[in-house]
Amino acid sequence: MIKRPININYYLKSKSIFFLWIILFFRIGFVFGQSDAPDINEVIKNKTPLEQIMELNELSRQYRNSDIESALNFCIKAYEISVTSDNKTGMAISLKNIGIIDYIIGRYDSALVKYNKALKLFETINDQSELMKVKNNVALIYMAQADFLKAINHLREILQFYRINADTTEIIRSLYNLGNCYYYTGEYLISMECYREAIILNEKMENDQIKIDLFIGIGALYEAQDLLENALVEYRTALALAKKMNNRSRQGVILTNIANVYLQQDEANSALEMLTTAYLIRESLDDQKGMAYVLNLMGMAYEKLGQPDRAKELYISSLKISQTLGNMREVATTLSFMGVNLIKENNYHSAIEYIKTSIQITDSAQMLHELSENYKLMVFSYSAIGLTDSAEWYLDSYLKLKQYLQLSPEELNKFDITTKAKDDLIKKENRILIKQGEQLLFSLSLFWAIVLTLIAGLVIFIFILTVLLALRPKYRKRFLLKMFK
């Protein structure tokens with residue numbers, strides 16, 4: 001594996017970003033002030049099978065971020081009606097939506113089964129557009145399983161398809177997911193390019209849901225560069241939009257990310273308060289992945305508050321969930337956190353074993369940011385037990401990887417604008433500065449023109465006077481008498 005070469009407290013930096021991939025970027029609609037889900041029997045009453053299938057799937061789409069149980073029941077009923085009426089399109093769409101819900105609650109294997117069945121049906125009916133949407137969902141499974149290179153290959157194919165078909169919404173979606181993948185493989189500039197193009201395209205679409213996810217993505221990249229205040233601005237903007245749209249799923253994500261920034265700023269109590277709210281949201285949505293991640297951060301908060309035993313309990317609970325889900329990314333994170341816990345207890349040998357396992361996962365998945373943090377933990381551990389050769393090897397690897405991942409100020413400045421509004425503001429300010437500069441230049445020119453005119457007039461006067469004095473001696477005599485009178 002490539003060893004391309006971020007203090008234990010700094011390790012937190014990657015964890016808020018770590019949750020970026022959990023944001024689904026499916027075709028999701030939201031309703032404002034969403035009420036309780038309607039009764040299925042009332043929904044299908046006096047409708048044709050096709051109308052029943054389409055309306056049930058649409059309701060599933062609307063409710064899967066606020067009432068996941070009802071959302072699942074809607075698309076299961078839609079699938080049953082599709083089978084009874086032999087509607088292959090209905091079967092495929094319903095299977096896709098069931099797969100999305102399986103993904104949301106962490107049932108990856110079940111989601112893949114549904115997606116593969118949907119793929120075959122869409123191939124049968126030759127629906128290329130829906131086929132690509134399912135392939136996008138499969139790529140998200142690869143991301144969850146930390147197979148980013150495979151996910152990138154899928155997403156590139158999908159992006160090319162949508163570019164050819166000029167589907168702006170799906171181009172944005174693909175760019176966003178590619179941006180996430182490139183972030184985790186340490187290609188920050190490519191990641192930012194993907195987000196930036198998506199932002200520009202979305203200015204025409206004016207899709208607030210897409211804006212939320214892009215704000216989160218940009219915030220994560222700022223956080224990766226240790227620009228925490230910039231990250232908070234993006235996260236808070238995203239949170240305001242998520243509340244406006246009553247999107248509880250995204251609220252849980254953003255609250256978790258903000259809490260992680262607070263942890264990096266040593267505000268453990270504020271972080272715990274926010275994490276508790278985030279956990280309750282995720283629990284209500286049966287979001288097992290999100291719950292595991294929040295438990296990890298809560299553990300880190302208790303570490304900072306001097307309660308390592310409580311932290312260990314939370315790490316173990318998180319690890320059990322992630323192992324059950326097959327979520328190797330979060331498994332790697334938990335193992336690293338447990339290593340930190342053991343380092344603080346001076347149990348360096350056990351810490352090394354946990355961190356080594358995490359390194360195996362992060363290295364094979366090319367999760368470079370997390371890998372660099374693991375290298376740093378190994379430097380601490382090996383130095384503490386006197387194995388300087390091993391410590392030096394990990395230190396060298398860490399420094400090389402840190403250099404590879406760190407963007408220069410010039411590179412950061414290139415991508416410091418995240419919205420068209422900011423671009424317009426900068427352009428407006430530049431125009432004002434140029435106008436002010438032109439006015440100043442004109443004023444200076446006028447000033448010097450007057451000064452030069454006065455000097456020229458004075459020189460001419462002196463010249464004329466000198467000539468007169470030279471030619472008329474009596475004038476010279478009178479002049480000198482007056483000068484020295």
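Along the sequence shown, residues carry numbers from 1. These values consider heavy atoms only, across backbone and side chains, with no hydrogens, waters or symmetry-generated copies.
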- 4.5 Å side-chain heavy-atom contact, Leu56 and Tyr79: no
- Does a donor on one side chain and an acceptor on the other come within less than 3.5 Å for Tyr404 and Glu187? yes
- Message: According to side-chain contact (heavy atoms from CB on, under 4.5 Å), who are the partners of Thr168, at least two apart in sequence or on a separate chain?
- Response: Ile172, Leu201, Met205
- By salt bridge (charged side-chain N to carboxylate O under 4.0 Å, His left out), Glu55 pairs with (sequence neighbours left out) Lys47
- Message: Taking Glu193 first and then Arg196, would you say they form a salt bridge - that is, a charged N and a carboxylate O separated by under 4.0 Å?
- Response: no
- Task: For Lys376 and Tyr398, indicate whether the former's side chain and the latter's backbone hold a donor-acceptor pair under 3.5 Å.
- Result: no
- Are the side chain of Asn57 and the backbone N or O of Ile53 linked by a donor-acceptor pair below 3.5 Å? yes
- Message: Around atom CD of Glu123, are there more than 12 heavy atoms from other residues, nucleotides or ligands closer than 6.0 Å?
- Response: yes
- Message: Just checking Tyr354: does its OH atom have more than 12 heavy atoms from other residues, nucleotides or ligands closer to it than 6.0 angstrom?
- Response: no
- Message: Could you check whether Arg329 makes a cation-pi contact with Tyr184, meaning its NZ or CZ is under 6.0 Å from the centre of the six-membered ring and within 45° of the ring axis?
- Response: yes
- Does any N or O in the side chain of Thr124 come within less than 3.5 Å of the main-chain N or O of Lys120, such that one atom is a donor and the other an acceptor? yes
- Does a side chain donor of either Asp213 or Gln209 reach within less than 3.5 Å of an acceptor in the other side chain? yes
- Message: Tell me if a side-chain donor or acceptor on Ser372 pairs with a main-chain N or O of His369 at a distance below 3.5 Å.
- Response: yes
- Crowding at NZ, Lys77 (>12 non-hydrogen neighbours, <6.0 Å): no
- Query: Looking just at side-chain N and O atoms, do Asn374 and Ser358 make a donor-acceptor pair shorter than 3.5 Å?
  - Reply: yes
- Message: Is it the case that atom CD in Glu313 sees more than 12 heavy atoms from other parts of the structure closer than 6.0 Å?
- Response: yes
- Message: Pairing donors with acceptors under 3.5 angstrom, does anything connect the side chains of Asn73 and Tyr63?
- Response: no
- Message: Please enumerate all residues that pass side-chain hydrogen bond (donor to acceptor under 3.5 Å, both in side chains) together with Gln160, with sequence neighbours excluded.
- Response: none
- Does Ser110 use its side chain to pair, donor to acceptor, with the backbone of Arg107 at less than 3.5 Å? no
- Can you check whether Tyr182 reaches Met192 side chain to side chain, under 4.5 Å on heavy atoms? no
- When you measure from the side chain of Asn165 to the backbone N and O of Phe161, does any donor-acceptor pair fall under 3.5 Å? yes
- Item | Flag for Asn97-Ser60: side-chain donor and acceptor within less than 3.5 Å | no
- Answer with yes or no whether the side chains of Gln307 and Asp309 bring together a donor and an acceptor at under 3.5 Å. no
- Do we get Lys289 above Tyr108's six-membered ring, with its NZ or CZ under 6.0 Å from the centre and within 45° of the axis? no
- Evaluate the side-chain proximity of Pro308 to Tyr302: yes if any heavy-atom separation is below 4.5 Å, no if none is. no
